[in-house]
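Here is the structure we will look at.
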Amino acid sequence: MTERRDELAANLQRVRERIDAACADAGRSPEELTLVVVTKFFPASDVALLADLGVTDVAENRHQEAGEKVASLDPDVRRRLAVHFVGQLQSNKAAAVTRYADVVQSVDRAKIARALDRAAGERDHPLEVTVQVDLSGDDAGRGGVRPADLPALVEEVAGLEHLRLRGLMAVAPLGADPAPAFDTLAELAESTRRDHPDATWMSAGMSGDLEQAIAAGATHLRVGSAILGSRPAQR
Ligand SMILES: *Cc1c(COP(=O)(O)O)cnc(C)c1O
């Protein structure tokens, strides 16, 4: 356990140095960035170690795994963390996700938004959400609303009583230079913010492309393998 703690501490340190360097290059302050550590495929014991190392935000992308893992956390650890859900979501799972998630980043259709809103209405506080944008330009099925359909979905989400629209999220297209995709996301985030001043988040940047995301203006990074190590192959 202390070995794992040391490993996670060293990896976190390396990622924080990368963030600091990218911020220096971009003329930004690291305080503008929230590091969300993606813990999918790794046990609740790792989540507890990360919380102990100062991590404030974690993310999961598979509903079943996430529900069980979050439920098994020590209440003290759970209280110190914001839990984000970043995976593809079915509307019949929305209610269950709102029971353990503080944030759902992967809202990409009106049907999901309405299901989350109904479920969040059962809680005593709104659910924070970001709308996921598909930057691939094709239908690769990695989730996300196409940019042309984004304004309508943003209006829908903003009008729902129990959701709080915080901004946009995207994954860079596979195998392409992420920079132009992140610039597109930044433009979409900017125009979203014009009508919805609360929507200040731009969630972009993972282990392999966090520097490009910071250069483009990301506010939330979602970093998994650079901190936890490589995942088993079956994604
Ligand atoms: C797994 C995952 C990440 C983290 O990816 P890494 O390359 O391991 O940093 C980020 N965002 C989403 C949506 C993910 O599913």
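None of these values were measured; they are calculated from a predicted model. Each residue takes its place number in the sequence, starting with 1. Remember, it's 1-based here, ligands and their atoms both numbered in the order they're listed.
- The 12-atom threshold is not exceeded at CD of Gln64, counting heavy atoms of other residues, nucleotides or ligands nearer than 6.0 Å.
- Each of Val103, Thr130, Val129 was compared with Met169 under the side-chain contact (heavy atoms from CB on, under 4.5 Å) criterion, and only Thr130 meets it.
- For the side-chain contact (heavy atoms from CB on, under 4.5 Å) with Val107, the lone residue among Val154, Val145, Leu160, Leu116 that qualifies is Leu116.
- Near Arg222, the atoms of ligand 1 lying under 4.0 angstrom from a non-hydrogen atom of the residue are 4 (C), 9 (O), 10 (C), 11 (N), 12 (C), 13 (C).
- Looking at Ala226 next to ligand 1, no N or O pair under 3.5 Å apart turns up.
- Residue-ligand proximity: Arg231 is placed with a non-hydrogen atom under 4.0 Å from ligand 1.
- Less than 4.0 angstrom separates some heavy atom of Val223 from each of these atoms of ligand 1: 9 (O).
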Practice item. List the steps and the verdict of side chain to side chain contact (heavy atoms under 4.5 Å, CB included) for Leu228 and Leu8. Key: CA-CA 6 Å; Leu228 288 137; Leu8 292 175; 4.0 Å; yes
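- With a 4.0 Å heavy-atom cut-off, ligand 1 is reached by no atom of Gln105.
- With atom 7 (O) of ligand 1 as the reference point, the heavy atom nearest to it among Ser225, Gly87, Ala59 is part of Ser225.
- The number of heavy-atom neighbours closer than 6.0 Å to CD of Gln90, taken from other residues, nucleotides and ligands shown, is 12 or below.
- At a heavy-atom distance under 4.0 Å, atoms from both the backbone and the side chain of Val86 approach ligand 1.
- Using a 30° and 60° split on the angle between ring planes, His84 and Trp201 fall in the tilted class, from 30° to 60°.
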